[in-house]
Amino acid sequence: MNLALSDEQAMVRDMVRRFLADRYDATTMAKGPMSSDDWRALGELGLFALLMPEQAGGLGGGAVEVMIISQELGRALAITPLAEAILLCGRALAADQAVGGWTDRLMQGDALLAFARGGEVVDGRLSGLADIVRDGVNADAFVVETEVGALLLVDVQDSGIRRIPVRLVDGSMAANVRFDAALAQPLTAPASLWAEAHTLAGLSIIAELVGAMSTLLDLTVDYIKQRHQFGKPIASFQVVQHRCARMYTWLEQSRSLLLKAAMVGEKERTRAVTTARAYIGDTALKLAEEAVQLHGGMGVTNELAVGRGLRRVLLLSRLHGGGIAARSALAA
Amino acid sequence: MNLALSDEQAMVRDMVRRFLADRYDATTMAKGPMSSDDWRALGELGLFALLMPEQAGGLGGGAVEVMIISQELGRALAITPLAEAILLCGRALAADQAVGGWTDRLMQGDALLAFARGGEVVDGRLSGLADIVRDGVNADAFVVETEVGALLLVDVQDSGIRRIPVRLVDGSMAANVRFDAALAQPLTAPASLWAEAHTLAGLSIIAELVGAMSTLLDLTVDYIKQRHQFGKPIASFQVVQHRCARMYTWLEQSRSLLLKAAMVGEKERTRAVTTARAYIGDTALKLAEEAVQLHGGMGVTNELAVGRGLRRVLLLSRLHGGGIAARSALAA
Amino acid sequence: MDLSLTKDQQSFREEVRAFLAASLTPELRRGAELTSGVFAEPDIAREWQAILEEQGWLVYHWPDHAGGPGWTPIQRWIFEKECAEAGAPVLPGMGLKLVGPVLYTFGTQAQQDYYLPRLRSAEHFWAQGFSEPGAGSDLASLRTRAVREGDHYIVSGHKIWTTQAQYANRLFALVRTDAEVKPQKGISFLLIDMAQPGVTVKPILSASGDHELNEVFLDEVRVPVSDRVGDEGQGWSIAKFLLENERGGSSFAPAILADLARLHTSAGPLTGELADRALRLRLEAEALEMTELRTLIEIEHGAAPDPRSLTTKLLASEIRQGLEALAVDAFGLAGLQLPGERPFYGGDMPAPVVSPAAQVAAARYLNARAWSIFGGTSEIQLTLIAKAALGL
Amino acid sequence: MDLSLTKDQQSFREEVRAFLAASLTPELRRGAELTSGVFAEPDIAREWQAILEEQGWLVYHWPDHAGGPGWTPIQRWIFEKECAEAGAPVLPGMGLKLVGPVLYTFGTQAQQDYYLPRLRSAEHFWAQGFSEPGAGSDLASLRTRAVREGDHYIVSGHKIWTTQAQYANRLFALVRTDAEVKPQKGISFLLIDMAQPGVTVKPILSASGDHELNEVFLDEVRVPVSDRVGDEGQGWSIAKFLLENERGGSSFAPAILADLARLHTSAGPLTGELADRALRLRLEAEALEMTELRTLIEIEHGAAPDPRSLTTKLLASEIRQGLEALAVDAFGLAGLQLPGERPFYGGDMPAPVVSPAAQVAAARYLNARAWSIFGGTSEIQLTLIAKAALGL
C-alpha cells in the first residue's frame with residue numbers, strides 16, 4: 001500500500017497546477033469556460049495525449065492520472081470539457097484508425113468533441129434529438145450513442161445538424177441538437193474500452209469536485225480570518241469554527257473515497273466510482289452551500305469565486321444522475 | 001380560530017399537572033411504570049371516565065382532552081398504559097353492555113386491559129401467539145384483534161393463557177402471550193369507533209412525546225446554566241446556545257403539528273395524526289439525543305431523568321411503526 | 001380550541017377567491033411563477049399593484065386609520081394564503097411593508113399626505129438604505145453621514161445590498177447625524193429623492209446572474225430637513241420598529257406550501273429519494289404554517305407575540321432552500337439550465353428544455369441561498385432564539 | 001499509488017484468518033456479538049486474551065523491544081480488520097492500550113518486569129483513574145491529591161467514569177503531588193493497588209442498565225513511591241502520551257463495517273428508509289476506513305500523522321450511533337426489548353423476541369450515545385480539528 005505519486009505523476013500534477021495558477025485566481029476562477037487558447041495550450045503540454053489509450057496514439061494514462069489532473073482542474077474551478085471530450089469521446093474514437101485525424105486533433109486541443117445520446121440510424125444517416133448535449137455549441141463533432149446503443153461519429157459540418165444553445169448553471173454552453181439524416185460514421189470501440197471510458201469520466205468528475213471542495217474550504221477559511229463582525233474576526237466564533245471543521249471532515253471523507261476509486265483494481269473501479277459519487281455528489285454541494293453561507297452577503301454574488309464555485313459544484317455534482325442515481329445503483 | 005382551552009379543559013390540565021408534580025421530579029421521573037395505586041388515583045379523579053365515550057358511561061372527552069392529559073403525562077415522563085388501556089381497549093368495549101363490568105373497572109383504574117394482535121377463533125375459543133403485548137404482564141384482560149380483524153375480550157383468569165414477561169426499553173413490562181383455546185367474548189365496537197380509538201391512541205402518543213420533549217429541553221437548559229466547563233457556564237458557549245435554540249424549534253414545530261392534529265375536524269384527524277407522527281417520531285428522538293449529549297457523561301447514566309427520558313422517548317417514538325411507517329402511509 | 005373559520009371568515013375567503021379568479025390573469029400568474037428573485041419584476045408588480053389598489057386591498061396589512069381595509073390578523077392570513085395558492089406576484093416590500101408603516105406611525109401629516117398616496121399609486125418606488133459595506137447585520141457601526149446645512153442635510157455614504165434600487169426613485173436610509181453621541185443615538189431616518197446629482201446606483205449581480213441587489217453611493221446628496229422621519233437621533237428606534245414589523249408581518253408557509261404543490265405538477269410525480277425529500281419538506285412546512293398561525297391567533301385574541309415567532313424566518317429559510325434544491329434535482333439535467341437573459345417569462349428567453357419551470361429552477365436555487373443570509377443570518381436567528389426563548 | 005497488499009501482507013492475512021477460524025470459538029463469537037458495552041465482559045475477555053497470548057499476538061500493537069510481534073502499522077490494521085470481520089471480542093483497552101505503552105515507555109526496568117507480564121497474563125486487571133467529578137475533559141483542574149510520607153504517597157480523591165473498575169485490581173491514576181506550581185506541572189502518574197483499605201468502587205448504572213462505569217473513592221490510600229511512573233510532575237505529559245497513543249492507536253471503521261454487514265444478516269434485508277440509512281452509513285464507514293488507512297499508510301512510510309487523523313473519533317462516533325439506531329429500527333417492536341439481566345449471552349437472559357441480536361439492540365443504542373461524550377466530546381473534537389487542520 002502506497003499513496004505516493006510516481007515522479008512522472010508528481011511532475012504532471014505540478015505542471016498542471018502551475019499552468020492553472022498562472023491563469024486562475026479568486027477573481028477569475030469559474031468566470032466562464034476555459035478559453036480555446038488555454039485548452040489548446042493544455043493539449044500542447046501533452047495532457048490529453050497522456051490520458052488517451054495507447055491504441056489511439058496516447059500514453060495510456062490511467063485512473064491515477066485522471067484523478068490528479070481532474071483534481072487540479074477542480075481546484076482552480078476551471079470549466080473544461082475534459083471528462084466528456086477526452087475521456088469519453090477520446091476512447092470512443094480510440095479503436096478506429098479511420099477517424100485518426102480526429103483523435104490527433106483532440107489530443108492537440110485543436111478539435112472539441114461532445115457526447116450525445118439519442119437518435120436512430122437509417123441507411124448510415126442519423127436522425128433524432130439529443131437535449132442538453134454538454135459543450136455541444138462549440139463542438140466540432142459529436143460522438144453519439146443511439147437509442148439502441150450504437151456508437152457514431154458525426155461531423156458538425158454536415159448539413160443535417162441543427163443546434164440550439166442552452167446555457168448551463170456553470171456558464172458552459174450545451175446545445176439541444178437535432179440530427180436530420182446526418183452522415184454518421186460507425187465507431188467500433190470495444191465494450192470494455194467504452195465501459196472504462198464511462199468509469200474514468202465519472203472518476204474525473206468526482207476528482208474535480210474534490211478539488212473544488214478543497215478550494216472552497218480554503219477560500220472560506222481565508223475569508224473568516226480576515227472579516228470582522230461585531231468587532232471580532234468571524235473565525236473567532238465557535239459556531240463558525242465547528243462548521244469549518246465539519247467541512248474539513250466532509251472534504252477528507254470525500255478525498256478518501258476518491259483515492260480509493262482511483263487506486264483499486266480495475267475490476268472494482270466502476271463500483272468504487274459509484275460509491276464515491278454516492279457520497280461526494282451530496283457532500284460537495286453541502287460544502288459549497290456552507291462556504292457560501294459563511295461568506296455572508298458576498299457569497300451569493302457573482303463577484304467572488306465562492307458563489308461561482310457553488311454553480312460549478314451544482315453542475316458537477318448532478319452529472320450522471322448525481323448522488324441519487326449512484327445510491328440507486330448501489331442499492332440495486 | 002381559537003387556541004384557548006375551555007375552563008373545564010384548563011381545570012383538567014391543572015389537576016393532572018398538580019397530581020403528577022406531587023409524584024414526579026427530576027429524580028423520580030421515568031424510573032419505572034406508574035404504580036397501580038397512582039393509576040387508581042387517576043381513575044378516582046375521573047380522568048379515565050372523561051376520556052371514555054358516553055355510550056360506555058364516560059364523559060365523551062375528545063381529541064383536545066386526550067392531548068392535554070397525555071401531554072402532562074409526557075411532561076412528567078410518567079410511564080402509563082393510557083393510550084392502549086383507556087383509548088384503545090376502552091373504546092373496544094364501549095358498545096358492549098355485556099362487558100360493562102370491565103368498562104367500569106377500567107374507568108376506576110381498578111382493572112388494566114392490554115391490547116393484543118394475533119390468533120384465530122375456533123368455536124368461540126382463541127388460539128395463537130401475540131408477541132410483545134404492551135403491559136401484557138399485569139393486564140387483567142386482553143382486547144384481541146385476531147388475524148382476520150375480529151375483536152375479542154379475553155380474561156386472564158382463563159386457563160388457556162400463558163404469558164412470558166418482556167421488559168421494554170422504558171422499563172415497562174410487555175408480555176409474549178400464548179392463547180390456547182382461551183374463552184373469548186366477541187366485541188361489537190363499530191368500525192368508526194374502533195378507527196377513532198386508533199386515532200386517539202396515536203394522538204395520545206405524540207402528545208406524550210411533545211410533553212417529554214419540553215421537559216427534556218427544560219432539563220437541558222437548567223443543566224447548562226448550572227454546570228461549568230473550562231471555567232465558564234456551559235450555557236455561555238455559542239455552539240451550545242445554538243443547539244438549544246435548534247431543539248426549541250423542533251419542539252415548537254412538533255407542538256404545532258400536535259395542536260393541529262387535536263384541533264382539526266374529525267374527518268381530517270387520522271391524517272393529521274399520521275402527519276404529526278411522521279415529523280415528531282424522528283424529531284422527538286433527535287431532541288432527546290441532543291439533551292443527553294448536552295448533559296455530558298451524566299446524560300448517559302440512569303441517575304438523571306434525561307437518560308431515562310431518552311428511553312421513554314425511544315419507545316414512544318417507535319410505537320405504531322414510528323415516523324417511518326407514518327411517512328410510508330403519507331406517501332401511499 | 002378550534003381551527004375552523006367563522007362563517008364571516010369563510011365568506012371573506014370566498015370573496016378573496018372570487019377576486020383572484022377574476023383579476024389574476026394568466027400572464028400575471030406566469031410572471032409570478034417564473035420570477036427568480038424575491039420580488040416580482042416592475043412590469044408585473046406595477047400591474048398587480050394597480051389591480052389590488054383598485055380593489056382596495058393593496059395595503060391590506062395597514063390599519064384602517066392609515067387607509068387599510070381594517071382586516072384582522074386572520075383575515076390578512078387568509079388573504080395571503082389565497083394569494084399564494086393562486087400564484088399571485090409578490091410585490092416589493094420596501095414601500096408597502098417597510099417605509100409605509102414607518103410613515104403612518106412616525107411621519108408628519110405632511111409626510112403622510114405627500115408620500116402615502118404616491119407609494120400606493122407606485123409613482124414612488126422605494127429602496128431601503130440600511131446596510132453598509134463591512135457592517136453586516138451590525139447597524140450600530142453605520143458610517144453614512146448627514147451634515148445639516150440650513151434646512152437641508154448633505155448626505156454622503158455608501159449603501160449596499162439595496163434590493164431593486166435600479167428601479168427606485170426614492171430611498172429611505174439610516175444616516176449618522178451626530179458622531180459625538182453613543183453610536184445608536186446619532187442615527188436619523190431620511191427619505192431621499194434618488195433622481196438628483198450625487199446618487200449613483202451600481203449593480204451587484206447575484207451568482208444566478210439576476211440583478212436584484214445594488215450598491216448605492218451618496219455623494220453630497222441634498223435632503224430637505226422636512227424629509228427626516230421622526231426626530232434627529234430617532235433613527236435607531238424607527239429602524240427597530242421597521243425590522244420588527246417586517247419580521248412579524250407576514251407568513252412564510254403559505255407560499256412554500258403552494259410552491260411545493262406546484263412542483264409536483266410541474267416536475268411530475270416524484271419517486272424514491274425525491275419523494276422522501278418532498279414529504280419531509282411538506283411536514284416541515286405544514287408545521288411552520290401552524291407555528292405561524294398560532295402566533296396570529298394569539299395576536300387576534302390580543303396577546304403579545306410569543307418568542308416562538310422568532311423561529312419562523314430561520315425555518316422558512318431552510319425549507320425554502322430545501323424546496324429549491326429539490327426542484328433542481330426533480331428536473332434532472334434540465335434543472336441545470338441557467339440562461340443569461342431576464343426575466344424568465346420575457347420574450348428574449350431561449351426555448352426551455354422540458355419547461356419554463358425547469359429553466360428557472362437553478363436561478364431560484366442560487367437565489368434561495370440568500371434567505372439564510374439577508375435580514376439577519378440564520379446564525380443570528382439562533383442566537384436571538386436562544387436568548388429570547390430560553391434565556392441563554 | 002497502490003492499494004493492494006504485498007505478497008507478504010497477503011500471506012500474513014491468510015495466517016490471521018486461519019488462526020481466527022481455528023481459535024475463535026462459536027461461544028466467543030456469540031459473546032462478542034451480544035456484548036452491549038464497549039468492551040467484552042471478563043469471562044469472554046479472559047479466555048480470548050489467553051488464546052491471543054498463547055499465539056503471541058496479544059500485544060500486537062507493542063513494539064518488539066516491549067514484547068510485541070514487531071508488526072508494521074499495515075499488519076496491525078490487517079489483524080484488526082480480520083478480528084472485526086470474524087467477530088472477535090474487543091478486549092478492555094485500559095491495560096493493553098493505555099497503561100501498557102506507558103509502562104514500556106516511561107516505566108523503570110523494575111516496573112516493566114513486574115507489571116508487564118501480569119498485565120499480559122490478566123493477573124492484573126487495570127482501570128483508568130483520570131476523570132474527576134465536575135472536571136469534564138479538563139484535566140488541569142484535577143483535585144485528587146497525593147501527599148508524600150516517607151517512601152509512600154497517601155492518596156485521597158474521587159475518580160469517576162472508571163470503566164470496568166468493578167473487575168479491576170489495579171488503577172493507574174493522575175494525582176496532584178504539588179499544589180503550589182502551575183496546575184499542569186503538579187500532576188504525577190501512580191499505579192495503585194485496588195485491593196487495599198480506602199479504595200471504594202461505586203457503580204454508575206448506564207441508562208441501558210449496564211454496569212460499565214464506576215466512581216472510585218480513594219481515602220488515604222497508600223502507594224509506594226516505586227509505583228510512580230516517571231518523575232514527580234511528569235504526569236501531565238505521560239497522560240498526553242497516553243491519550244495520543246489511544247487516539248492514533250486503532251481503527252474504528254473495520255468494526256463498524258463488520259457490524260453493519262452483520263445487521264443485514266441478523267435483521268434480514270432492509271427496505272425503504274432503512275435501506276437508505278444503511279447505505280449512507282456504509283458510504284460514511286467506507287470513507288472512514290480509507291481515511292484511517294491513509295494515515296496508517298503514511299505512518300508505515302515514515303510520515304508524521306496528518307491532522308486528518310483527528311477526525312476519526314468524531315466520525316466513528318456518529319456512524320456508530322447511526323448504526324445502533326438503525327439496528328433498533330430494523331427490528332421493529334422487538335428492537336425495543338431491554339432485559340434487566342446481564343450479560344446478554346448469559347444463561348439468565350429471558351427468551352428473546354425475534355433473536356438475541358434484537359434483544360441487545362436497545363442496550364447497544366443507549367450505550368452508543370456515550371461515544372460522542374467520553375474520550376473527548378464531539379464538540380471538543382471539532383474545536384481540535386478547527387485548530388489543528390485549519391489554523392482557526
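Since the structure is predicted, the reported quantities are computational estimates derived from the model, not experimental observations. Every chain is numbered from 1 and lettered A, B, ... according to where its sequence line falls, protein lines coming before strand lines.
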Subject >> Interchain contact, B:His228 with chain D, by part (heavy-atom threshold 4.5 Å) >> reply: backbone

Original post:
Among B:Ile164, B:Val240, B:Ile324, B:Val306, which has the most heavy-atom pairs under 4.5 Å with chain D?
Top reply: B:Ile324

Original post:
Quick one: what part of B:Leu314 sits under 4.5 Å from any heavy atom of chain D, side chain, backbone, both or neither?
Top reply: both

Subject >> Under 4.5 Å from a heavy atom of chain B, the part of D:Val328 involved >> reply: side chain

**OP:** Please flag which part of D:Leu382 lies under 4.5 Å from any non-hydrogen atom of chain B: side chain, backbone, both or neither.
**Re:** neither

**OP:** Evaluate the side-chain contact (heavy atoms from CB on, under 4.5 Å) criterion for residues D:Asp348 and D:Arg342: first the C-alpha distance (whole Å), next the side-chain angles of each, then the deciding distance (0.1 Å), finally the verdict.
**Re:** CA-CA 7 Å; D:Asp348 298 336; D:Arg342 292 292 181 279; over 6 Å; no

Original post:
So, D:Thr35 versus D:Glu41: side-chain donor-acceptor pair below 3.5 Å or not?
Top reply: no

**OP:** Apply the test side chain to side chain donor-acceptor pair (under 3.5 Å) to residues B:Thr28 and B:Asp25: give CA-CA distance (whole Å), side-chain angles for both, the deciding distance (0.1 Å), then the verdict.
**Re:** CA-CA 5 Å; B:Thr28 53; B:Asp25 61 21; 3.3 Å; yes

Subject >> Choice from D:Asn367, D:Leu366, D:Ile204 maximising heavy atom contacts with chain B below 4.5 Å >> reply: D:Leu366

**OP:** Could you look at D:Asp329 and say if it's the side chain, the backbone, both or neither that has a heavy atom under 4.5 Å from chain B?
**Re:** side chain

Original post:
Which word best sums up how the rings of D:Phe172 and D:Trp126 line up, parallel for under 30°, tilted for 30 to 60°, or perpendicular for over 60°?
Top reply: tilted

**OP:** Give the intermediate values and the outcome of salt bridge (Lys or Arg N to Asp or Glu O under 4.0 Å) for residues D:Asp259 and D:Arg320.
**Re:** CA-CA 9 Å; D:Asp259 283 351; D:Arg320 171 59 69 183; 2.8 Å; yes

Subject >> chain B contact via D:Glu273 - which portion, at a heavy-atom distance below 4.5 Å >> reply: side chain

Subject >> Option in B:Arg318, B:Gln293, B:Arg311, B:Arg308 with maximal non-hydrogen atom pairs under 4.5 Å from chain D >> reply: B:Gln293

**OP:** Decide whether D:Tyr365 and D:Gln321 meet the rule of one side-chain donor and one side-chain acceptor closer than 3.5 Å.
**Re:** no

Subject >> Face-on cation placement of D:Lys159 at D:Phe217 ring, 6.0 Å and 45° thresholds >> reply: no

Original post:
Passes salt bridge (Lys or Arg N to Asp or Glu O under 4.0 Å), D:Arg369 versus B:Glu290? Steps please.
Top reply: CA-CA 10 Å; D:Arg369 301 316 307 170; B:Glu290 281 287 273; over 6 Å; no

Original post:
Relative to chain D, which segment of B:Arg134 carries a heavy atom at a distance below 4.5 Å: side chain, backbone, both, or neither?
Top reply: neither

Subject >> chain B contact via D:Ala363 - which portion, at a heavy-atom distance below 4.5 Å >> reply: neither

Original post:
Does a side chain donor of either D:Thr162 or D:Asn214 reach within less than 3.5 Å of an acceptor in the other side chain?
Top reply: no

Subject >> Most contacts with chain D, counted as non-hydrogen pairs under 4.5 angstrom, among B:Asn176, B:Leu319, B:Asp131, B:Leu310 >> reply: B:Leu310

**OP:** Among D:Ala207, D:Ser208, D:Ala362, single out the residue with the greatest number of heavy-atom pairs under 4.5 Å to chain B.
**Re:** D:Ala207

Subject >> Which of D:Asp210, D:Leu205, D:Leu336 touches chain B most, by non-hydrogen pairs under 4.5 Å >> reply: D:Leu336

